[in-house]
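Position 1 is the first residue of the sequence; numbering continues from there. None of these values were measured; they are calculated from a predicted model.
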Amino acid sequence: MPGKHQHFQEPEVGCCGKYFLFGFNIVFWVLGALFLAIGLWAWGEKGVLSNISALTDLGGLDPVWLFVVVGGVMSVLGFAGCIGALRENTFLLKFFSVFLGLIFFLELATGILAFVFKDWIRDQLNLFINNNVKAYRDDIDLQNLIDFAQEYWSCCGARGPNDWNLNIYFNCTDLNPSRERCGVPFSCCVRDPAEDVLNTQCGYDVRLKLVRGELEQQGFIHTKGCVGQFEKWLQDNLIVVAGVFMGIALLQIFGICLAQNLVSDIKAVKANWSKWNDDFENHWLTPTISEVLSTVGPQQNSLIGVPGPAPPSRHVFFGLGGLYPEPTFKNW
């Protein structure tokens, strides 16, 4: 309508999404670097960094691996998301979203497979725990992890206390010279609430005494296996565990959506710049017939009795590649 002007909003990169993604990833990046530093420090204290072969010598799981792997993944993701959002780098943002998407689908596939193949997972968990029982005294971090699990879930061994026969220090063979022979770690013992000082020798000879009938099984050590206790704990805390995994999954999906939205905004702005630059070049740098005729000098126009126009003034315009002067043409 006359008297009214239409305003078209040009595409732009949303500041809220950009800086929210930047802030989210800088926290992620710092936490990952902290985990990685803790893992490397723990390896340095154990002499692993000076003897890399020690990583393969351990028969069980070194818990430091969890800090190193998780910290490394978090650091890489945090760096890509943080720098990609700050510098509006589409390659880093795509790498961030694809990597995060792969992690999400791996978690989803693991959950589905664990639900479908429950018996196989139970057998693998038994095997995993027994392998770590064998290496109980080989690594202090692994020892602390097993003790924590047995105390927290009130269990002993994978299926029961006799699994400790797999460990060379606790087995009941006559050739075993260890003082811990036919015993269990202190974390298998039933704690007395009245005790102020932890008795780390409470498991000595306990399985031998149980065989002789000198002790009551239920009142002195935990007799249930950690696999069964872990399954029971999952069933009792299913809502909490599901809520935690759902929260992690939603954070991952939210991060992927933010990154992809930012990539779309950046592409739209670049496309708009390219279109504007093409229009600018077509309009200003390619002369039309009328522009050519308007630049005909006074000498030629005087032949037909038409005074020539004054030479066009030069102006400067901004373009994507820098400053563009208005084109001028020599008189014909």
Side-chain angles (χ1 to χ4, degrees), residues 7-43 63-116 237-280 318-322:
H7 297 278
F8 297 97
Q9 174 130 19
E10 295 183 353
E12 61 181 10
V13 177
C15 290
C16 292
K18 172 182 174 179
Y19 289 109
F20 186 85
L21 186 64
F22 169 77
F24 173 78
N25 279 284
I26 201 169
V27 173
F28 209 61
W29 190 6
V30 170
L31 286 176
L34 181 62
F35 281 8
L36 187 60
I38 291 174
L40 294 177
W41 171 81
W43 271 350
V64 178
W65 271 111
L66 298 176
F67 284 91
V68 173
V69 173
V70 173
V73 171
M74 290 177 64
S75 297
V76 171
L77 278 175
F79 172 81
C82 180
I83 303 301
L86 185 65
R87 301 297 300 169
E88 297 180 5
N89 188 303
T90 55
F91 173 78
L92 288 177
L93 289 173
K94 288 178 181 179
F95 172 81
F96 170 80
S97 58
V98 170
F99 199 0
L100 200 58
L102 287 176
I103 294 174
F104 171 75
F105 283 112
L106 282 176
E107 293 170 349
L108 186 62
T110 302
I112 294 173
L113 291 175
F115 180 77
V116 174
N237 300 273
L238 186 59
I239 296 177
V240 176
V241 174
V244 170
F245 278 99
M246 284 294 294
I248 294 173
L250 288 175
L251 278 177
Q252 292 173 332
I253 294 172
F254 184 62
I256 293 171
C257 292
L258 273 180
Q260 289 300 108
N261 184 63
L262 189 55
V263 168
S264 299
D265 288 348
I266 294 171
K267 286 184 176 180
V269 170
K270 286 183 176 179
N272 186 64
W273 285 351
S274 178
K275 180 178 179 299
W276 188 90
N277 192 43
D278 291 342
D279 292 343
F280 175 83
F318 284 98
L320 291 180

Listed partners of F79 passing ring-ring contact (aromatic ring centres under 6.0 Å, His included), at least two apart: W29

Nearest 0.5 Å please: distance from the [atom1] atom of [X] over to the [atom2] atom of [Y].
X: R87; Y: K18; atom1: CZ; atom2: NZ; value: 8.5 Å
X: L108; Y: L113; atom1: CG; atom2: CG; value: 9.5 Å
X: D265; Y: T90; atom1: CG; atom2: OG1; value: 12.5 Å

Counterpart residues, side-chain contact (heavy atoms from CB on, under 4.5 Å), relative to F20 (two or more places apart): F254, L258

For L106, all residues meeting side-chain contact (heavy atoms from CB on, under 4.5 Å), sequence neighbours excluded: none

Exercise: identify the closest heavy-atom pair between F96 and A259: CD2-CB, 3.7 Å

Residue pair N25 / L21: nearest heavy atoms and the distance that separates them: ND2-O, 2.8 Å

Mutual orientation of the aromatic rings belonging to Y19 and F22 [parallel < 30°, tilted 30-60°, perpendicular > 60°]: perpendicular

Side-chain donor/acceptor pairs under 3.5 Å, residues 66-78, sequence neighbours excluded:
unit_1	atom_1	unit_2	atom_2	d
S75	OG	G32	O	3.4
S75	OG	A33	N	3.2
S75	OG	G71	O	2.8

Pairwise side chain to side chain donor-acceptor pair (under 3.5 Å) hits with a residue in residues 237-258, at least two apart: E107-Q252

Residues 97-105, side-chain donor-acceptor partners within the protein, below 3.5 Å, at least two apart:
unit_1	atom_1	unit_2	atom_2	d
S97	OG	L93	O	3.2
S97	OG	K94	O	3.0
S97	OG	Q260	OE1	2.9

